[in-house]
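We're numbering straight along the sequence, starting at 1.
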Amino acid sequence: MIWDNNEDIKLIECANDKRIIQKHLNECREERRPYVFVTNTMAIKPLNRLLVPVSMLEEETYKAEICTYLARKTGAHIILLQANDYGSHARQNVNRIVTHIKAVMERTGENISYEVAQAKKDSFSLVREASERQRDFRHDLLILTASRDYGLDDILFGPPERKAIQRALVPVMLVNPREDLFSLCD
């Protein structure tokens, strides 16, 4: 079932079945606003902790506005999980997100709680690690960036976001890597 009433965030409620999840992922490829998957195997709790994995890809910074907005509205603590890469791109992306959080705190006068955690794996395995370490971070929502394009391996074996949704014990929010993203209103 898809809840879609001109809302800021699209909610997709479905069974934890790879074909059903993939069908919904395909339908949301051009979506400009964030969308949340809730399957029958997930526990829905109040948002107290948001896990935001940050890899080396530049579109990871698109999650800054969404996680900051959710933290402001719910009082949730943001955990930025930085990929353990050799280069500095993941660190730069985390710094951009932190800069955005600090700018919002200055502008609004609100306190937004956040921390930066170091992942054990690199950018290519970060989504898998985030979905496997759910008990370590005790988060209530996982915020991921959807794949830019589906390559041959994604078509044959499934994209990483589908696997994360299937493994997740909490709802998973996806953001498409688009420059014309929907902006949340205050």
Hey, what's the ring geometry for F137 with H139, parallel, tilted or perpendicular (30° and 60° as the breaks)? tilted
Heavy-atom pair of closest approach, residues L144 and A164: CD1-CB, 3.7 Å
Using 4.0 Å as the upper bound for N to carboxylate O, is an ion pair formed by E27 and K23? yes
E31 side chain to N176 backbone, donor-acceptor under 3.5 Å: no
What's the shortest heavy-atom distance between E59 and P177, and which atoms? CG-CB, 3.5 Å
Does a side-chain heavy-atom distance below 4.5 Å link V127 with K163? no
What I'd like to find out is whether the side chain of T99 reaches to under 4.5 Å of the side chain of R96, using heavy atoms alone. no
Quick check for you: to the nearest 0.5 Å, what is the distance between I78 atom CD1 and R72 atom CZ? 11.0 Å
How far does OG1 of T145 sit from CD1 of I66, to the nearest 0.5 angstrom? 8.5 Å
Supply the atom-to-atom distance H100 NE2 to C67 SG, rounded to the nearest 0.5 angstrom. 7.0 Å
Kindly determine whether N111 and M105 satisfy side chain to side chain contact (heavy atoms under 4.5 Å, CB included), including the steps that lead there. CA-CA 6 Å; N111 187 23; M105 284 194 301; 3.8 Å; yes
Heavy-atom side-chain contact between Q22 and P159 under 4.5 Å: yes
What's the spacing between H89 NE2 and Q82 CD if we round to 0.5 Å? 12.5 Å
May I ask you to test the Y35-I12 pair for a side-chain heavy-atom distance under 4.5 Å? yes
Would you say R167 has more than 12 foreign heavy atoms packed within less than 6.0 Å of its CZ? yes
Tightest non-hydrogen contact, residues L141 and P171, listed as CD1-O, 3.3 Å
Under 3.5 Å donor-acceptor, D140 side chain and K45 backbone: no
Nearest heavy-atom pair of M56 and S123: which atoms, and what distance? N-OG, 3.0 Å
Contact check, side chains of Y114 and K102, non-hydrogen atoms, under 4.5 Å: yes
Any chance CD of E115 has more than 12 other-residue heavy atoms, nucleotides or ligands included, within less than 6.0 Å? yes
Is a donor on one side and an acceptor on the other found under 3.5 Å between the side chain of K121 and the backbone of A130? no
Whether the side chain of N40 engages the backbone of N16 through a donor-acceptor N/O pair (distance < 3.5 Å, no angle test) should be reported. yes
Does a side-chain heavy-atom distance below 4.5 Å link L50 with M173? no
Full working for side chain to side chain donor-acceptor pair (under 3.5 Å) between Y86 and D122: CA-CA 8 Å; Y86 290 112; D122 63 5; over 6 Å; no
Please report the shortest heavy-atom distance between V54 and E60, naming the atom on each side. CA-OE1, 3.5 Å
Can you tell me how far CG of L174 sits from CZ of F37, rounded to the nearest 0.5 angstrom? 6.0 Å
Counting heavy atoms not belonging to H77, are there more than 12 under 6.0 Å from its NE2? yes
Atom pair CZ/CG of R133 and L51 - distance to nearest 0.5 Å: 9.0 Å
Could you check whether any side-chain N or O of N93 sits under 3.5 Å from a backbone N or O of L57, counting only pairs where one atom can act as donor and the other as acceptor? yes
Spell out, yes or no, whether L47 and I44 are grouped together once hydrophobic residues are joined by side-chain heavy atoms under 4.5 Å, including indirect joins. yes
Working note: R91 + V94, criterion side chain to side chain contact (heavy atoms under 4.5 Å, CB included); need CA distance, chi angles, decisive distance, verdict. CA-CA 5 Å; R91 186 178 68 248; V94 166; 5.7 Å; no
Nearest heavy-atom neighbours spanning Q134 and V170: OE1-N, 3.8 Å
With heavy-atom distances below 4.5 Å as the criterion, would you say the side chains of L142 and P53 are in contact? yes
Linked, directly or transitively: I79 and L126 (ILVMFWY side chains, under 4.5 Å): yes
